[in-house]
Amino acid sequence: MTSPRVRFAPAPTGFLHVGSARSALFNWLYARNTGGTFVLRVEDTNAEKTTQEFVDAITEPLAWLGLDWDEGPYFQSERLELHMAAVQQLLNTGHAYYCDLSQEEIEAKNDEAGLKGGYHGWSRDRDVGDGPGVVVRFRAPDDGVTVIDDIVRGRVEIAHETIEDFVIRRGDGSPVFLIANAVDDHDMGITHVIRGEDLLNTAPKVMLLWDALGYGEKPVYAHLPLLVNEQRKKLSKRRDSVALAAFRDEGYLPDAMANALALLGWGPPDEVEIRPMAEIVELFSLETVNKAAAMFDVQKLGHINAEYIKGLSAAEFTAAAEPWLTSDEAPWPADAYDSAVVEALAPEIQQRISKLDEAAGWLTWLFVRPTEFDEKSWSKAMVKGRAADRVLDEVIAALDGDDFSDAGRIEQIVLGVGDALTEALDARVMSQAPVRVALTGGGAGIPLWQAMTLLGRDECLARLRAARAQFG
RNA sequence: GCCCCAUUCGUCCAGCGGCCUAGGACGCCGGCCUUUCACGCCGGUAACACGGGUUCGAAUCCCGUAUGGGGUGCCA
């Protein structure tokens with residue numbers, strides 16, 4: 001058997017959405033698993049719309065996801081003459097004919113014949129000639145069936161009587177994707193057509209064209225279950241925010257994204273969900289793809305991404321998060337940023353976020369002095385009854401002589417103050433909370449001690465004194 | 001309307017006639033750890049759409065019904 005050739009054939013719509021990305025991924029997985037070839041083909045019947053920008057909107061997200069293609073991108077628009085030749089061939093062989101009927105005229109004829117909807121071969125024998133506004137229709141067989149032996153869905157039969165004489169060339173002379181599809185898949189030696197279930201109904205039409213053109217052996221089909229939203233509707237770029245680029249911008253890692261996408265409609269036999277793509281490639285098979293539509297669950301994506309973030313080394317994490325930490329949106333002035341601080345604290349940040357754009361929130365106080373104290377945290381930690389004022393006084397005094405070189409020592413000093421007070425006052429005194437509020441402005445965050453060494457003695461003491469002054 | 005497809009925990013995935021008192025993951029709930037928040041660990045919650053068959057035996061096979069979805073374009 002010759003090695004498989006698969007293709008991902010998106011229309012240039014301006015961006016790639018997760019449903020398309022999933023189709024691309026499954027094609028890629030199949031190609032890599034079988035040692036086949038992954039072809040990228042842009043289905044642009046409207047050639048003038050295909051600007052470089054639109055092409056980039058497809059290729060960049062694919063590359064980001066790690067889906068490298070072996071051939072292409074080919075452009076349908078550049079193969080127009082071949083498509084037109086195929087239309088002409090069908091015309092010559094009697095498989096297609098011209099039709100000049102308008103939508104209104106077709107409806108009128110349907111009404112007259114007592115038929116509802118569709119097109120019923122009205123111009124088959126009218127001997128219409130070509131001209132402006134005239135379309136070419138395929139003469140679909142009146143009886144018999146086309147069988148799709150779909151790898152995912154099994155045997156699907158479509159009765160030919162339900163297939164109307166569909167248009168293969170528009171009134172403006174341009175070919176419709178159905179004919180382009182048949183021609184391109186044939187010319188490019190495509191062996192497996194792997195795509196969304198929404199295209200299942202177009203398969204018999206292309207197969208009919210395929211036979212009429214005398215192309216011989218057809219590709220095998222595999223229609224993937226649709227990706228749906230919370231309402232169980234097909235993911236739509238209109239309703240749902242599903243641009244792959246948007247996920248990238250929020251700080252999802254490409255490997256995590258690809259891993260998550262691979263789990264929609266398919267699962268590894270050993271039930272280990274989060275794993276390197278190389279293993280997924282190894283385990284993947286079209287035969288084990290699900291039939292039922294899958295909901296794209298951002299919460300699970302978040303969990304997978306969090307796991308991937310935790311798996312990064314400190315240096316890798318710092319580099320990966322840098323775009324968010326150095327952007328204009330970062331909550332600190334550009335010159336206050338210090339990547340060394342981030343790298344030192346990376347493990348603490350990594351275990352607290354599920355997307356890279358959440359990193360800044362944990363780091364703000366290290367790069368800029370808090371402008372105000374969180375009210376709730378203040379009232380919880382800074383109560384005199386719990387000796388917060390004395391804690392701050394003694395922590396300030398004890399820390400004043402320290403050189404802030406050792407996180408462990410700072411911890412001992414601060415906690416020691418609390419313990420001593422606990423003994424003296426015969427009531428549990430927690431010294432961490434007031435110090436945290438004084439330093440960070442809030443009550444929750446990464447561990448203090450190491451961060452304090454990074455902040456430095458002068459800044460720490462200044463913040464502690466400022467907070468102490470609030471007591472009046 | 002017509003054609004096509006699907007139906008296992010809230011969600012994703014496992015199960016492809018007996019191993020199922022249905023397994024894993026996310027989420028949720030509880031506990032442990034912890035002088036913050038997390039992480040981690042332990043435990044719990046929760047599903048075979050319904051009705052008929054076939055079979056010694058069905059989540060698994062067949063047929064209906066219901067529900068959901070896709071298509072029905074001179075979009076792809």
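The chains referred to below are lettered A, B, ... by the order of the sequence lines, with proteins before strands, and numbering in each begins at 1.
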Taking atom types as they are modelled, would you say the side chain of A:Gln351 forms a donor-acceptor pair with the base of B:G40 within the 3.5 Å cutoff?
no

Is there a donor and acceptor pair, one atom on the side chain of A:Glu197 and one on the base of B:G71, closer than 3.5 Å?
no

Quick one: side chains of residues 290-303 of chain A, donor-acceptor pairs under 3.5 Å with protein atoms, not counting sequence neighbours, listed by atom name and distance.
from, atom 1, to, atom 2, distance (Å)
A:Asp297, OD1, A:Gln299, N, 3.0
A:Lys300, NZ, A:Glu273, OE1, 3.0
A:Lys300, NZ, A:Glu273, OE2, 3.2

Could you check whether [X] gets within reach of a base, just the sugar-phosphate, or nothing at all, counting any heavy atom under 4.0 Å?
X	answer
A:Arg153	sugar-phosphate
A:Gly418	nothing
A:Gly265	sugar-phosphate
A:Ala11	sugar-phosphate
A:Pro269	nothing
A:Ala292	sugar-phosphate
A:Glu273	base
A:Ser431	base
A:Thr288	sugar-phosphate
A:Leu199	base

Would you mind reading off the distance between [X] atom [atom1] and [N] atom [atom2], rounded to a whole angstrom?
X	N	atom1	atom2	result
A:His223	B:G69	NE2	P	20 Å
A:Met430	B:U34	CE	P	12 Å
A:Glu411	B:U36	CD	P	11 Å

Distance flag, aromatic centroids of A:Phe284 and A:Phe26, threshold under 6.0 Å:
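Yes: the rings meet the under 6.0 Å criterion.
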
Distance between the C1' atoms of B:C63 and B:U21, in whole angstroms?
30 Å

